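Whatever order the structure lists them in is the order used to number ligands and atoms, beginning at 1. Quick note: residue numbers are just sequence positions, from 1. These numbers were taken from a predicted model, which means no experiment stands behind them.
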Amino acid sequence: MTQRPGRLVTLDGPGGVGKSTTLAALAERLRDRGDQVHTTIEPSTSALGQFTRANADHIHGRALACLVAADRYDHIRNEIQPHLDAGDIVVCDRYLASTLVVQRLDGVPEPFLLALNADIVLPDLAVLLTADPRTITRRLTARGAHHRFEHHPDAPAREVELYEQAEQTLERLGVPVLTVDTSSVTPSETAERIGNVLPSRPGSVGSRDGLDGNMATP
Ligand SMILES: Nc1ncnc2c1ncn2[C@@H]1O[C@H](COP(=O)(O)OP(=O)(O)OP(=O)(O)O)[C@@H](O)[C@H]1O
Ligand SMILES: Cc1cn([C@H]2C[C@H](O)[C@@H](COP(=O)(O)O)O2)c(=O)[nH]c1=O
């Protein structure tokens, strides 16, 4: 874990696995224990992020990878870094792991993606949500697909496989990873597991001595 005052926690996983739902439960849990939390999302809510999200079904491959990376650098500079400097736990719905999976679904090789993202702020904890592909398909069908990456019937299985590869890449980059299988746990149970490996900042209302030792045993 880095020495900056705040912490960056990212949540990634296949489309429809439950990232946004889990993020809301996690933010509530962290705030309840006294942590200062800032929630955010990628593509970001800036003009560049909105452009990226609105056009991700029409812009493909390396061009989309570049747009997503440009939005990430802008997001870091204008939103993520200021909140980290203020000591917040920044919880981001999609980040580097999504790039390592979604852009590969779009045919972009990993070395190109790593080069594009070489200077980003790395997460203090990358949470990867997974589930049985049939469970993801059920969730997606019940909620409805949001974009082209969620339409292919094999998408959940392919994404699960690519997130397993992304986990290894993140670990090679020195990023602590927590993978949670959400197939048979509620969003609030998932949030509890994440909260348990994320120590409260010293001085925050909910901080307890010794919690930092939990990082190594997710
Ligand atoms: N155990 C669970 N954890 C999280 N979400 C669940 C769970 N069980 C069912 N869901 C449901 O799965 C659906 C998809 O969740 P959500 O929209 O949070 O997914 P997402 O990963 O953020 O999707 P996207 O990638 O499209 O943004 C929601 O209707 C949510 O209520
Ligand atoms: C972070 C990130 C996002 N995208 C694209 C994929 C989708 O079109 C949207 C995300 O939509 P969702 O409703 O949050 O699933 O953005 C991408 O291509 N690469 C990324 O790294």
Between the CZ atom in Arg29 and the CZ atom in Arg33, the distance rounded to the nearest 0.5 Å is 8.5 Å
Check your understanding: Do His83 and Asp88 have side-chain atoms, one donor and one acceptor, less than 3.5 Å apart?
Key -> yes
Requested in this report: Using a 4.5 Å cut-off on heavy atoms from C-beta on, say whether the side chain of Thr22 contacts that of Leu129.
Outcome: yes
re atom 30 (C) of ligand 1, the protein heavy-atom contact at minimum distance is Thr21 OG1, 3.6 Å
Rounded to the nearest 0.5 angstrom, the CD1-CD distance for Ile136 and Glu159 is 7.5 Å
Exercise. Is Glu42 in polar range of ligand 2, meaning some N or O pair under 3.5 Å apart?
Worked result: no
Note: Arg143, heavy atoms under 4.0 Å from ligand 1, region reported as side chain
Between the side chains of Asp93 and Ser20, does any donor sit under 3.5 Å from an acceptor? yes
From the list Arg72, Arg94, Arg53, salt bridge (Lys or Arg N to Asp or Glu O under 4.0 Å) partner of Glu42 resolves to Arg72
Check contact between Pro43 and ligand 2, using heavy atoms of the residue and a distance below 4.0 angstrom.
yes
Inset, instruction - Count the heavy atoms of every other residue, nucleotide or ligand shown that sit under 6.0 Å from CZ of Arg143, and state whether that count exceeds 12. - result: yes
Quick look: Thr99 vs ligand 2, heavy-atom contacts under 4.0 Å, and the answer is both
Arg94 heavy atom under 4.0 Å from ligand 1
yes
Query - Backbone or side-chain N or O of His146 under 3.5 Å from ligand 2 N or O - result: yes
Could a heavy atom of Val17 be found less than 4.0 Å from some atom of ligand 1?
yes
Problem - Proximity flag Pro187 to ligand 1, non-hydrogen atoms under 4.0 Å - result: yes
Taking only non-hydrogen atoms of Arg72 and a 4.0 Å limit, the atoms of ligand 2 in range are 1 (C), 21 (O)
for atom 8 (N) of ligand 1, nearest protein heavy atom and its distance come out as Arg139 NE, 3.3 Å
So, His75 and Ser46: side-chain donor and acceptor under 3.5 Å apart, yes or no?
no
heavy-atom search around atom 20 (P) of ligand 1 in the protein gives Lys19 N, 3.4 Å
Exercise. Verify whether one side chain among Glu79 and Ser44 offers a donor that lies under 3.5 Å from an acceptor in the other.
Key: no
For Arg94, the atoms of ligand 2 under 4.0 Å from one of its heavy atoms are 1 (C), 10 (C), 12 (P), 14 (O), 15 (O)
### Query
Is there a path from Val102 to Ile41 through hydrophobic residues (I, L, V, M, F, W, Y) whose side chains come within less than 4.5 Å of each other?
no
For Ala56, the atoms of ligand 2 under 4.0 Å from one of its heavy atoms are 8 (O)
| message | Less than 4.0 Å is my threshold; does some heavy atom of Gly16 fall inside it relative to ligand 1? | response | yes
Short N-O contact, Asp106 and Arg148, less than 4.0 angstrom: yes
A student checking ligand 2 against Leu64 at a 4.0 Å heavy-atom cut-off should list atoms 18 (O)
Glu150 heavy atoms within 4.0 Å reach ligand 1 at atoms 24 (P), 25 (O), 26 (O)
Can a donor-acceptor pair be found between the side chains of Arg31 and Gln36 at a distance below 3.5 Å? no
query = Does any N or O atom in Ser20 lie less than 3.5 angstrom from one in ligand 1, N or O only?
reply = yes
Item to complete: May I ask you to check whether Gln50 and Thr45 show a side-chain donor-acceptor distance below 3.5 Å?
Response: no
For Thr182, the atoms of ligand 1 under 4.0 Å from one of its heavy atoms are 1 (N)
Quiz item: Between Ser183 and Asp132, does any side-chain donor sit less than 3.5 Å from a side-chain acceptor?
Solution: no
protein heavy-atom neighbour closest to atom 20 (C) of ligand 2 works out as Val68 CG1, 3.5 Å
If we number the atoms of ligand 1 from 1 as shown, the ones under 4.0 Å from a heavy atom of Val185 are 1 (N), 2 (C)
A student comparing Arg148, His75, Lys19, His147 should find that the heavy atom closest to atom 15 (O) of ligand 2 comes from His147
Rounded to the nearest 0.5 angstrom, the OG1-CG distance for Thr169 and Leu96 is 8.5 Å
the protein heavy atom lying closest to atom 5 (N) of ligand 1 turns out to be Gly18 CA, 3.5 Å
Atoms of ligand 2 under 4.0 Å from any heavy atom of Arg53, numbered from 1 in the order shown, are 10 (C), 11 (O), 12 (P), 13 (O), 14 (O)
Contact region, Gln103 to ligand 2, non-hydrogen atoms below 4.0 Å, reads side chain
The atoms of ligand 1 lying under 4.0 Å from a heavy atom of Gly15, numbered in the order shown, are 25 (O)
